[in-house]
Novice: 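A single structure is presented below for examination.
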There are 2 protein chains.
Amino acid sequence: MSKKRDTLIATADRLFYTEGFAATGIDRVVSVAGVALGTLYRHFDGKAGLVVGVLDYRETAFFARLDETAAGKEGRDRVLSLFDGLLSWAEQKPGNENGCLFLRAASEHPEEPAIRTRVLKHKKTYLTFCRKHLREGGWDAAAARRLAPRIFLLLEGAVATCGFLGNRIAIKQARDAAEDLLSQDPSTPAMQNRS
Amino acid sequence: MSKKRDTLIATADRLFYTEGFAATGIDRVVSVAGVALGTLYRHFDGKAGLVVGVLDYRETAFFARLDETAAGKEGRDRVLSLFDGLLSWAEQKPGNENGCLFLRAASEHPEEPAIRTRVLKHKKTYLTFCRKHLREGGWDAAAARRLAPRIFLLLEGAVATCGFLGNRIAIKQARDAAEDLLSQDPSTPAMQNRS
DNA sequence: GACCAAATAGAACGACCGTTCTACTCATGA
DNA sequence: TCATGAGTAGAACGGTCGTTCTATTTGGTC
């Protein structure tokens with residue numbers, strides 16, 4: 001909508017991720033963004049509102065990237081593409097190995113209901129997103145419901161360990177584990193076709 | 001060593017974990033601990049020193065718990081006991097679902113070398129710890145080196161998702177995945193015994 | 001009893017924080 | 001033409017932060 005608003009979100013997103021929420025002052029955000037302080041308060045409900053705005057922006061961009069990477073893939077590849085999309089997202093900018101911004105936002109604002117509920121909503125959406133890709137990959141509803149939390153856990157584990165193992169290795173480990181997990185499960189589409 | 005020092009660390013550990021590092025002031029720590037401000041500065045090199053002290057304390061307590069849980073277990077159970085130990089650690093106190101304190105410390109102090117190197121050291125120790133348990137469970141050096149990062153990733157993923165799925169479910173998912181992963185690997189001790 | 005290290009309370013510091021407010025500019029459209 | 005809404009610069013606010021310092025008291029140990 002508003003150009004200034006977009007600039008503020010993009011700037012805050014970058015600063016929050018590289019320097020942390022508490023360590024990034026509101027003055028710093030507006031100064032780097034080249035926007036007046038009053039403008040920020042016109043668009044957002046204080047700093048907490050800005051944080052929520054950043055998370056909204058992140059979520060749509062992230063899931064769009066995953067959908068983009070999954071386009072055209074079928075069967076097991078469609079599920080594994082979640083890891084490929086995550087890798088492309090993580091390598092978007094150098095130094096993108098500081099963990100999940102949503103979890104960091106929640107842990108830095110334990111008493112901010114607006115932020116915590118926003119993070120919870122994101123994780124719920126993420127889990128549903130995994131289940132949807134399993135369905136689209138050929139798994140039935142029951143299998144998708146059973147396997148989705150495992151895929152989700154591997155994705156979250158990959159992000160958490162990126163800072164230590166590096167993006168490439170961490171996500172590859174998770175992807176390989178997911179591959180084993182999918183091919184070993186008795187309800188994989190391949191097995192269903194065989195019977 | 002010093003009783004006051006221990007009290008400060010235990011108090012800071014609790015406050016840092018439940019409320020975050022930046023949100024927990026030094027005044028708050030000494031007030032809750034019932035210790036004078038000067039005493040804190042006699043024992044620690046400022047707030048950053050206190051953070052490192054807390055991480056040191058956490059690491060020894062955590063690995064001690066894992067070793068305790070692994071005692072007497074053999075083969076695959078010895079490796080899977082890492083997840084049981086993690087669960088018992090997480091359920092030690094109610095509300096212990098706020099992610100890994102080490103990763104949170106690193107992400108809240110991006111420009112504090114003492115803290116970041118301490119966190120890096122911890123994760124390296126953790127990975128080595130996983131490898132050691134694989135060796136003690138009967139895997140050879142090469143297999144342990146190959147499987148350890150995967151076990152590590154599952155453990156980290158479990159901690160990351162505890163806040164969303166709950167301790168019990170998150171750790172169970174990770175444990176089950178590890179079980180599949182170990183039994184599927186061609187170099188498991190059980191397979192070696194069979195040949 | 002004298003000594004010394006540890007612990008205490010509390011003030012003071014400079015710096016930064018998030019937020020609010022005022023006064024001014026500027027473009028757009030009725 | 002002028003009313004309106006968005007943006008700007010900058011001051012001011014009360015508060016909190018981490019750190020340092022002083023002055024005093026405790027608790028053992030020679």
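Quick caveat, the model's predicted, so the values are computed rather than measured. Letters A, B, ... mirror the listed sequences (proteins, then strands); counts begin at 1. The basis for the numbers below is simple: all heavy atoms, side chains too, and nothing from hydrogens, waters or symmetry mates.
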Novice: How would you list, by chain and number, every residue that makes a ring pair (Phe, Tyr, Trp, His ring centres under 6.0 Å) with A:Tyr17, sequence neighbours excluded?
Specialist: none
Novice: To the nearest 0.5 Å, what is the distance between CD1 on B:Ile171 and CG on B:Leu86?
Specialist: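 It comes to 4.0 Å.
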Novice: By nearest atom, which of the nucleotides C:dA7, D:dG7, D:dT19 is closest to the B:Ile26 side chain?
Specialist: D:dT19
Novice: I'd like to know whether A:Arg168 forms a salt bridge (charged side-chain N to carboxylate O under 4.0 Å, His left out) with A:Glu91, so could you lay out the CA-CA distance, the side-chain angles of the two residues, the decisive distance to 0.1 Å, and finally the verdict.
Specialist: CA-CA 9 Å; A:Arg168 213 81 59 94; A:Glu91 287 189 329; 2.5 Å; yes
Novice: Which protein N or O atoms sit under 3.5 Å from an N or O of nucleotides 21-26 of chain C?
Specialist:
none

Novice: Which parts of residues 39-50 of chain A get close to DNA chain D, meaning a heavy atom less than 4.0 angstrom away?
Specialist: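 Residues of residues 39-50 of chain A under 4.0 Å from DNA chain D: A:Thr39, A:Arg42, A:His43.
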Novice: Looking only at side-chain N and O atoms, does A:Lys3 come under 4.0 Å of OP1 or OP2 in D:dG7?
Specialist: no
Novice: So, using ring pair (Phe, Tyr, Trp, His ring centres under 6.0 Å) as the criterion, who are the partners of B:Phe63 when residues are at least two apart?
Specialist: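 In terms of ring pair (Phe, Tyr, Trp, His ring centres under 6.0 Å), with neighbours along the sequence ignored, B:Phe63 is linked to B:His122, B:Tyr126, B:Phe129.
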Novice: Quick one: CG on B:Leu50 to OH on B:Tyr41, what's the gap to the nearest 0.5 Å?
Specialist: 9.5 Å
Novice: For residues 74-96 of chain A, pull every pair meeting ring-ring contact (aromatic ring centres under 6.0 Å, His included), keeping only residues two or more places apart or in separate chains.
Specialist: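 Counting only pairs at least two positions apart or across chains, the ring-ring contact (aromatic ring centres under 6.0 Å, His included) contacts touching residues 74-96 of chain A are A:Phe62-A:Trp89.
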Novice: Run the salt bridge (Lys or Arg N to Asp or Glu O under 4.0 Å) test against B:Arg28 and tell me which residues pass, sequence neighbours left out.
Specialist: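 By the salt bridge (Lys or Arg N to Asp or Glu O under 4.0 Å) rule, B:Arg28 matches B:Glu19.
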Novice: Assess whether atom NZ of B:Lys73 is packed by more than 12 heavy atoms of other residues, nucleotides or ligands within 6.0 Å.
Specialist: yes
